[in-house]
Protein chains: 2
Amino acid sequence: MLSTMQDVPLTVTRILNHGATVHGTSQVTTWTGESEPQRRSFREIGARAAQLAHALREDLGVGEDERVATFMWNNAEHVEAYFAVPCMGAVLHTLNLRLPAEQLTWIVGHAADRVIIVNGSLLGLIAPLLDRMPSVEHLVVSGPGDRSLLDGARARVHEYEDLIAAKPTDYDWPELDERRAAAMCYTSGTTGDPKGVVYSHRSIYLHSMQVNMSQSMGLTDADTSLVVVPQFHVNAWGLPHATFMTGVGMLMPDRFLQPAPLAEMIEAERPSHAAAVPTIWQGLLAELTAKPRDVSCMHQVTIGGAACPPSLMEAFDRLGVRVCHAWGMTETSPLGTVSRPPAHTIGTDEEFAYRLTQGRFPAGVEGRLIGPDGSRLPWDGESAGELEVRGPWIAGSYYGGAGGEDIRPEDKFSADGWLKTGDVGVISADGFLTLTDRAKDVIKSGGEWISSVDLENALMSHPDVAEAAVVAVPDEKWGERPLATVVLKEEATADYAALRDFLATRVAKWQLPERWAFVAAVPKTSVGKFDKKVLRRQYAHGELDVTRI
Amino acid sequence: MLSTMQDVPLTVTRILNHGATVHGTSQVTTWTGESEPQRRSFREIGARAAQLAHALREDLGVGEDERVATFMWNNAEHVEAYFAVPCMGAVLHTLNLRLPAEQLTWIVGHAADRVIIVNGSLLGLIAPLLDRMPSVEHLVVSGPGDRSLLDGARARVHEYEDLIAAKPTDYDWPELDERRAAAMCYTSGTTGDPKGVVYSHRSIYLHSMQVNMSQSMGLTDADTSLVVVPQFHVNAWGLPHATFMTGVGMLMPDRFLQPAPLAEMIEAERPSHAAAVPTIWQGLLAELTAKPRDVSCMHQVTIGGAACPPSLMEAFDRLGVRVCHAWGMTETSPLGTVSRPPAHTIGTDEEFAYRLTQGRFPAGVEGRLIGPDGSRLPWDGESAGELEVRGPWIAGSYYGGAGGEDIRPEDKFSADGWLKTGDVGVISADGFLTLTDRAKDVIKSGGEWISSVDLENALMSHPDVAEAAVVAVPDEKWGERPLATVVLKEEATADYAALRDFLATRVAKWQLPERWAFVAAVPKTSVGKFDKKVLRRQYAHGELDVTRI
């Protein structure tokens, strides 16, 4: 029996139309590094998105389902592309500007990008690669930057503003099937070739609703969100879409991602919310320690992309900023869990422990833990297994297969279609997920699992430690043992023995690393995570100065 | 181009599974009128819903798509039916227990209900009608009440608790298409036969997300909601489903809907939210005036079903209770608009004016105003037209056609599929809807429209007036003119002239009624709205004591 409800598709176009009308006066503010930021209302964004769609279709011949790539910072023009491209029936392809050249050129070729919208300030990065991007026919350049870097480029070069200037400010957006592709994003690919995740209009719509639910980010038009997490990284955690649903203002840092300008824009624009990975907040904290400023306007800070060290959360608590942990990945759009403690723990000692977990699944995401033997594990807070998830904004495959020949689908998806996240953790009886490690980073020591993340968090709570990364290294006796690499703070006095003694009060004795190395910096991936692959290689090649104690 | 997202249907089953696990310790508390209320966790509700589904399928033979009716108050067992019936693939049909006997029997026949779950305390209402309900084969009775009222009934009678007692507490819920029927509700039918609205799993799922969005009710598991709005009335505004998504506790009044027990349960259970129509709040306010209690635990009260008089909103403000206006109807699931003032007005004089509007459309609902000539009107705060809405939880037709032969589809739905709401209003440039009247209640006086609601609100702000209803009556010179019917408070001293003079300071002179009648009570519909049809008939039959001034 069918219902009598209207059959209205869930599309990005509906989000755009809503934001540009009902929330037409809400603003996207883009930092310019000059005295005044650029301010553009949602209504203007809507009009300019229509102009951009006209230009893409009429001048550049962008057809249905064609990928249109962006190579851009977080700014108003990038938001315009976020709406123009999917709403016209094409597919927004955000390029990660921190990827190595080989991955970038591989991805552009794999997606067959013919048009790239690029920020002028990024021409130095992309110009040298254009010869290795034969599919690219058009570059649309926006914002300041030296255009002469493109002299002699084979692709045609257009000025964004010139291209859209004379176009109509409305567009007869097509009615699209909600399961059609709207946007795509390649995972940064720590193993093998990058893998393309293709979001649908439906998945973006539902994810945006979830972001706005009271137990997720729960923002309203009284909020302004500082969107540090890049738009090229899982759709900036869905914020550009979610804000258009509810009229939340966006503060966009453009290329000014260093701690000092971030602190400056927080002080000047007073955002009530911010979203970024832990390393950004570590940098900001150091800046605020050196030069204190009032950042308590940020009632809520969403941290994701990596586990938030307890010390970082406590430091922000002292600044009057409430950190909320969230977990997700490119394949989960990304909202997978959000850590809002149960109501009965608020104000108790238990509360902080709950905040440190990855949190609870929202209604749209089902989660289960699978043990080493393939069995489903109970939610008892103790049974550790690989997390698998299912839901309408979770990937069930990759674009064009599994991305290269090195990944078998059965390694990433279960037989019944759930995503294998590659994360290992436990779930408590009341549904709180605690991730203990990546499946590939767990240290398998003599039949027991040691969590590298637990050791890192314990080390980073030492006052002398700036950063610490722990990786598994081969061991004759135990199979694998932990190697601790540590970045000391300036003027730190701790030595290996002191750190080991400190750790001994926090973890079981058999988990204590025997191998230690002080390093100048922990190598990071393009999105700011510890790059343990590099550390393991450095160890294997004897490039680390390792002390055994 | 298709996305790589998992194709996971949006079903009530997902809501149930989520609530019963992740939010398994949240509670449904049902008032019993005795020293202790009944308390049941979401986990228990989930287990009992599974038992109920087994009983319905195995003992009563309920098949796919079959309607299962409820004739119940708001209580835990009704919540169990809310999940058991749709999740097993059948259709929950909530019967409005305030409908006249003829409409009830017509509706049961139209829906072909074979099973009715009924509260024992309501047997006195339904027992006399069973002979006129030939489709009904099974009555499942829950809760206290005199079973002997069913002696000699043709239908088989079952005890709810006996029926489910021995059944398994889990159920292998089928994977359902999200567009399948999940629940149905007939409109109370002020004109013609009742019309059946059939909600889909998809519409309920999306509506539940919307209810939980920060700019709608925005509740979390820190909240408990006093659900006064009946479960038989548009799914209690979606609260039973929405709370299972987020772990919000529910406080259910069962049959104790009088002002005194409502005040008592608020004081005892301290809900943070409540939802009901204005007349309930008027009654509660009178009770609180007579016997003051602290009700400030209710941070937020959602009022809908009829416009909230400003005086009522102000009175609750003084009690520390924030009233939030919402608009909807059976055909809109019901969330159509919610009135949260724009952020920049908070704390200003403008804020209250915004709170009195019906509010803004959420992202899922598109709205437009259609003028008398069929043209689309601008959002300028002045152009008044009939509101039409579109969205995934808005009805596009009625069950089995338009309900009787008296309603033509083109009177209820536009050619392009939008719902004609029958409400007349304006929309401001910033998207706030202000309804001025029902299309059928507007007073068409000499080519101008007079809003009956504006006159009523102005009258009800007079300190001597308890209630006022204004209807159009035929007039030789102007076509139609307003008739004001007024219920005075006890010990009131105002006469017609005093009320007219009071009104003259608030509305244009040409809108002032010439016809006045004091009445003991304004007739109400089954859901507590002013029944203007009855007033117009009383006037036509000369049953009102009308004075012309």
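Keep in mind that the numbers below use all heavy atoms, side chains included, and drop hydrogens, waters and symmetry copies. Numbers restart at 1 for each chain; the letters A, B, ... are given by sequence-line order, proteins then strands. Just so we're clear, the structure is a prediction, and the values are computed from it rather than from any experiment.
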Closest heavy-atom pair and its distance - A/Thr246, B/Met213 | CG2-CE, 4.0 Å
Please determine, among A/Ala222, A/Gly24, A/Pro362, the option with the most heavy-atom pairs under 4.5 Å with chain B.
-> A/Pro362
Quick one: which of B/Ile427, B/Ile346, B/Leu206 has the most heavy-atom pairs under 4.5 Å with chain A, could you say?
-> B/Leu206
Side chain / backbone / both / neither for A/Glu66 at chain B, heavy atoms under 4.5 Å | neither
Might you point out which heavy atoms bring B/His18 and A/Phe361 nearest each other, and give the distance in Å?
-> CE1-O, 3.0 Å
Portion of A/Gln210 that has a non-hydrogen atom of chain B nearer than 4.5 angstrom = both
For A/Val248, is it the side chain, the backbone, both, or neither that has a heavy atom closer than 4.5 Å to a heavy atom of chain B?
-> neither
Give, as side chain, backbone, both or neither, the part of B/Ser333 having an atom under 4.5 angstrom from any heavy atom of chain A.
-> side chain
Do you know which two heavy atoms are closest between B/Arg390 and A/Pro9, and how far apart they sit?
-> NH2-CD, 4.4 Å
For B/Arg14 and A/Val365 the tightest heavy-atom approach is NH2-N, 4.0 Å
Residue part contacting chain B, namely of A/Ser26, when any heavy atom lies under 4.5 Å = neither
Per-residue tally against chain B (heavy atom, under 4.5 Å) across A/Ser200, A/Gly431, A/Ala183 peaks at A/Ser200
Should the pair A/Arg43-B/Asp430 be classified as a salt bridge under the 4.0 Å nitrogen-to-oxygen rule?
-> no
Turns out that what part of A/Trp379 lies under 4.5 Å from chain B's heavy atoms comes down to side chain
Looking only at heavy atoms, the pair that brings B/Gln6 and A/Leu419 closest together is NE2-N, 3.5 Å
Which answer fits B/Ile15, side chain, backbone, both or neither, if we ask what part of it has an atom under 4.5 Å from a heavy atom of chain A?
-> neither
Hey, which of A/Arg340, A/Arg180, A/His23 has the most heavy atom pairs under 4.5 Å with chain B?
-> A/His23
Scan side-chain atoms only and decide if B/Asn17 and A/Glu366 contain a donor-acceptor pair under the 3.5 Å cut-off.
-> no
Applying a strict 4.5 Å limit to non-hydrogen atoms, the region of B/Tyr205 in contact with chain A is side chain
Worked verdict on B/Glu64 versus A/Met1 for side chain to side chain contact (heavy atoms under 4.5 Å, CB included) = CA-CA 9 Å; B/Glu64 294 220 342; A/Met1 175 171 162; over 6 Å; no
For the atom pair OG (B/Ser3) and CD (A/Glu178), what is the distance rounded to the nearest 0.5 Å?
-> 10.5 Å
Among the listed options B/Ser203, B/Ser216, B/Ala395, B/Gly89, the residue most often paired with chain A at heavy-atom distances under 4.5 Å | B/Ala395
May I ask you to name which of B/Gly247, B/Gly19, B/Ala182, B/Gly364 has the most heavy-atom pairs under 4.5 Å with chain A?
-> B/Gly364
Do you know which of A/Ala343, A/Pro342, A/Ala429, A/Ser397 has the most heavy-atom pairs under 4.5 Å to chain B?
-> A/Ser397
Scored by heavy-atom pairs under 4.5 Å with chain A, the best of B/Glu331, B/His344, B/Met245, B/Gln215 is B/Gln215
Given a strict heavy-atom distance threshold of 4.5 Å, which part of A/Thr25 is in contact with chain B: side chain, backbone, both, or neither?
-> neither
Distance in Å, B/Met209 CE paired with A/Ser208 OG, rounded so as to fall on 0.5 Å steps | 9.0 Å
Winner by heavy-atom pair count (cut-off under 4.5 Å) against chain B, out of A/Val8, A/Thr4, A/Asn212 = A/Thr4
Atom group of A/Leu2 that falls short of 4.5 Å from chain B, counting heavy atoms | both
Taking B/Thr21, B/Asp65, B/Asp221 one by one, which has the highest count of heavy-atom pairs under 4.5 Å against chain A?
-> B/Asp221
Given side chains that start at C-beta, do those of A/Met5 and B/Val198 come closer than 4.5 Å, heavy atoms only?
-> no
Residue A/Phe244 versus chain B: region with a heavy atom under 4.5 Å = neither
Determine the minimum heavy-atom distance between B/Asp7 and A/Arg179, stating which atoms define it.
-> OD1-NH2, 2.7 Å
